[in-house]
Protein chains: 2
Amino acid sequence: MTQQGFHVAIVGATGAVGEQMLDTLERMEFPIASLKLLSSKRSAGKKITFKGDELTVQEATPDSFEGIQLALFSAGGSVSKALAPEAVKRGAIVVDNTSAFRMTEGVPLIVPEVNEKDLEKHQGIISNPNCSTIQMVAALEPIRKAYGLKRIVVSTYQAVSGAGVNAIDEMYDQSRQILDGEEIEPKILPVSGDKKHYQIAFNAVPQIDVFQENGYTFEEMKMINETKKIMSDDSLQVAATCVRLPVETGHSESVYIEVEKDGLDVTGVRQLLNDAPGVTLQDDPANQVYPLASESKGKDDIFVGRIRQDLDQEKGFHMWVVADNLLKGAALNSVQIGFSLIKLGLLK
Amino acid sequence: MTQQGFHVAIVGATGAVGEQMLDTLERMEFPIASLKLLSSKRSAGKKITFKGDELTVQEATPDSFEGIQLALFSAGGSVSKALAPEAVKRGAIVVDNTSAFRMTEGVPLIVPEVNEKDLEKHQGIISNPNCSTIQMVAALEPIRKAYGLKRIVVSTYQAVSGAGVNAIDEMYDQSRQILDGEEIEPKILPVSGDKKHYQIAFNAVPQIDVFQENGYTFEEMKMINETKKIMSDDSLQVAATCVRLPVETGHSESVYIEVEKDGLDVTGVRQLLNDAPGVTLQDDPANQVYPLASESKGKDDIFVGRIRQDLDQEKGFHMWVVADNLLKGAALNSVQIGFSLIKLGLLK
C-alpha cells in the first residue's frame, strides 16, 4: 500500500453497476491513491465526479492497466475475457463482476461473509458472483455453518436494473405507454441479445439470460453452480427458477432450504440471522413486518423475513430474502472483496 | 330442468368476479330460464345487460332465493355465511366462490378436471377453491393420476385483481403517481382490512390475506389445505409462499413437485399435459416459448411451460403455471361446476 492508498481502475464506469461502485468506494472510504475510469470507446470522454474531482472516462486498452493494483470490472463478459488477463499481466488484481471466469478453476468466487478465505488461492482474477446468488448465500451461510445445508429450492423475483440502464428505461416507458393506452414494442427484455422480447410492465417473465440445452436458463444455472462453488459443497442440492419483474431495483427470493442437523426451529433461524454480518432480520408477521424490494434500494444489507418451518419437513424452512441487486448483488460485494484483500494482506 | 334451462342467481354480480361470471354464462351458453342479479344494498339498482336484456341488480335477502335452482356466490365470506344456507333451505344448490365453507366437512371443494365426482356427496353447498389453488391442481392432476404426487413446493406471482376492483385501481393509480414523481399513499393492498398497507406498483409484496399464528398467511394455508382436500390426499406434502405483484390479471406460479413413481421425464410431463383437459402446453425454451401472465387474460385455459427435471432429484420437476385468476381461478370454474352438476343429473 502506498501512503495514500491503492491505484484503482474501474472498467465499465458509466454503467448501472459502475455508478454504484464509484458511490460505494467513496462512501466506504476505500483507500485510493489514484482512480482510473475506463469504458468502451463509445463512452470514453464522459466526465464523472469522484470525491469532488472531475475525472474523464478513458477507453479501456491493455495498457490502461499499467501501474494499477486493483481493477474492478463490470463491462460485460467479453470485455472481461479480453482485458482481465491483460490487467493481471501488468500486476493488477482483478475483481470481475461478470460471469466470464466465475466457474473457472483457480478463480475464487467470493462473498466475503461466506468464503473470504478462498481469496488466498487467487491467481490474479477474483470473480464476484451473480447478484441473485450473493444475497441468497450470504443469508444462508449462518444457517449452514450451524446446522449444515442439504438442499435449496429458490424462486426469484428479480428487478430490471440487473439487465442494465436500458432495461430500467424500457420498464418505465412501457408502463407509461400501457397506462396511456398506447401500443408497446418490447425491444430489450427479457434478454437484449435474444430473439424475442416480451412486455415487462405489469407482467412476470420467467426468463433471465438465455436458455441452456437442459431447459434451464443461464441465470438459473449460475445460481445452482455458483452456490455450490461458494459454499465448497458439490453435494449441496440447489434448484432455481428465475423470474424478471417490473421492479426497478431490489431482488426478492422465495427460498426453501433443508438443513442437515436436527433441532433448528424458527426462533433459532431468527437468532442466527440476527447475529449474521450484512443481514437485517425483518420478520414480525403479527405486525406485517417483512422485507420489501421497494425498501431495499440504496441499502447495503440483505433483508430476511417470512421465516417459517415447513409443515411436513421438520428440517425444512421457508424465507423471503431481499437485497439491492446493484449494491450487495454487485458493486458493494466487489468493494467488500477489495477490503478483504487488504485485510488479508493480498493487495500490494 | 325447465324447458328453457335453470333459474339462476348471482350474488355479488357487480364485483370483478361477478362480471366474469355473467360473461362466462353467456358465452358458454349455460342453460338459463331466468337470471337474478343480487348484491349488497349499496350496489342494488344498478343495471346490467345480459344476452341483450337489461337486468336490475337487487339487494340479496333470504327471500331472494325463492324458486332459484343454482346460486353462484362471490360477494365475500360474510355474505356467503349469512345467505348460502338460506338459499339451500329454499331448494337452491349454492356454488360458493369464497373461503367460507371450503374446509367444512360435507362441502365438496371442486375443480371439475380433478374431482368432479365429489359433487355427488354435496349437501347443498359446493365450494369453489381459491384461485391460486385451482390452476395448480388442474395442471398437476394428470401427472398425479399417472405417477402419483408426493410433494409440492410452490411460490406464487399473483395479480392484484384477486383483491378486487379497488386493488386494480390502486395499482394503476400508484404506478402513474410514481412515474410522475408524486407521493403515494397505499390504502388497500396487500390486504384491505389489515393494519398496514404497502406500495404495490414496481414492487413484490410477500403477503396475501392475513397472517396466521404459524407465520403462514391465510392464502398460503388455503393452497396447502385445499390442495389436499381436492386431491383427497392428507399425506400429500404441500408448501406455499404467496406473493402479490403489480400485474392486473393472471396468476403465475413456480411449482416444484416430486412424483411417487419412477420413469417420468420432461417429455413424459409434456405429453401428460398436452392431453390434459383445460391445459395448454407452452413449453419451447429454444424459441423462448413459455406462459406469460400478460397473455393469459381473458383465456379459459391453464398455461404450463418451463418444465424441467430437477438436477438432483430424479422424481422432481419444476414448471411455470399461469392462468386468468378471474376465469379459471374463479368465474369459469364456478360455471364449469354448474355444467358438471347438470351432467351428473344433480341440478334439478
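Predicted model only: the values in this text are computed from it and were never measured.
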>> For B:Gln212, I'd like to know if atom CD has over 12 heavy atoms of other residues, nucleotides or ligands within 6.0 Å.
In response: yes
> What option among A:Gln237, A:Gln199, A:Glu213 has the most heavy-atom pairs under 4.5 Å with chain B?
Replying inline: A:Gln237
> Within the side chain of B:Gln288, is there an N or O that forms a donor-acceptor pair under 3.5 Å with the backbone of A:Lys195?
Replying inline: yes
>> With a 4.5 angstrom heavy-atom cut-off, is it the side chain or the backbone of B:Phe211 that approaches chain A, or both, or neither?
In response: side chain
> Who wins among A:Ile307, A:Val238, A:Val243, A:Asp310 for the most heavy-atom pairs under 4.5 Å with chain B?
Replying inline: A:Val243
> Around atom NZ of A:Lys297, are there more than 12 heavy atoms of other residues, nucleotides or ligands at under 6.0 Å?
Replying inline: no
> Non-hydrogen atoms of chain A under 4.5 Å away: do they reach the side chain of B:Pro190, the backbone, both or neither?
Replying inline: side chain
> Around A:Glu314, counting heavy atoms of other residues, nucleotides and ligands shown, do more than 12 lie under 6.0 Å from its CD?
Replying inline: no
> Which answer fits B:Tyr256, side chain, backbone, both or neither, if we ask what part of it has an atom under 4.5 Å from a heavy atom of chain A?
Replying inline: side chain
>> Heavy-atom pairs under 4.5 Å with chain B - which of A:Ser175, A:Gly316, A:Ala201, A:Ser294 has more of them than the others?
In response: A:Ser294
> Without hydrogens or angle criteria, can the side chains of B:Arg308 and A:Thr241 be said to hold a donor-acceptor pair below 3.5 Å?
Replying inline: yes
> B:Thr249 versus chain A, heavy atoms under 4.5 Å apart: side chain, backbone, both or neither?
Replying inline: neither
>> Less than 4.5 Å to any heavy atom of chain B: does that hold for the side chain of A:Thr217, its backbone, both, or neither?
In response: both
> Hey, what's the ring geometry for A:Tyr198 with B:Tyr290, parallel, tilted or perpendicular (30° and 60° as the breaks)?
Replying inline: perpendicular
> Which atoms form the tightest heavy-atom contact between A:Gly215 and B:Pro285, and what is the distance?
Replying inline: CA-CG, 4.4 Å
> If you look at every heavy atom in A:Thr156 and B:Tyr157, which pair is closest and at what distance?
Replying inline: O-OH, 2.8 Å
>> For A:Arg176 versus B:Leu179, what's the shortest heavy-atom pair and its separation?
In response: NH2-O, 3.1 Å
> Looking only at heavy atoms, which two atoms of B:Ser252 and A:Ala204 are closest? And how far apart?
Replying inline: OG-CB, 4.4 Å
> In this structure, are over 12 heavy atoms from other groups packed under 6.0 Å from A:Lys315 atom NZ?
Replying inline: yes
>> Other residues, nucleotides and ligands only: do more than 12 of their heavy atoms fall within 6.0 Å of NZ on B:Lys150?
In response: no
> Are any side-chain N or O atoms of A:Lys196 and backbone N or O atoms of B:Asn287, one a donor and one an acceptor, separated by less than 3.5 Å?
Replying inline: yes
>> Let's test your reading of the structure: which of B:Ala286, B:Pro246, B:Ala293 forms the most heavy-atom pairs below 4.5 Å with chain A?
In response: B:Pro246
> Which one of A:Ile224, A:Val247, A:Asp283 has the most heavy-atom pairs closer than 4.5 Å to chain B?
Replying inline: A:Val247
> Between A:Leu311 and chain B, which part of the residue has a heavy atom less than 4.5 Å away: side chain, backbone, both or neither?
Replying inline: both
> So which heavy atom on B:Gln313 is nearest to which on A:Arg151, and how close?
Replying inline: CG-NH2, 3.3 Å
>> If I measure from the heavy atoms of chain A, does B:Met221 come under 4.5 Å with its side chain, its backbone, both, or neither?
In response: side chain
>> Looking only at heavy atoms and a cut-off of under 4.5 Å, which of B:Gln309, B:Glu220, B:Met171 has the most pairs with chain A?
In response: B:Glu220
> Just wondering, more than 12 heavy atoms not from A:Glu260 lying within 6.0 Å of its CD?
Replying inline: yes
>> Quick check on A:Val322 against chain B: is it the side chain, the backbone, both or neither that has a heavy atom closer than 4.5 Å?
In response: neither
>> So which residue, B:Val153, B:Asp180, B:Val160, ends up with the most heavy-atom pairs under 4.5 Å with chain A?
In response: B:Asp180
>> Can you give me the closest heavy-atom contact between B:Leu292 and A:Pro206, atom names plus distance?
In response: CD2-CD, 3.8 Å
>> I'd like to verify something: which residue of B:Val205, B:Val266, B:Val191, B:Ile178 has the highest number of heavy-atom pairs under 4.5 Å with chain A?
In response: B:Val205
>> Need one label for B:Asn214: side chain, backbone, both or neither, based on atoms under 4.5 Å from any heavy atom in chain A.
In response: both
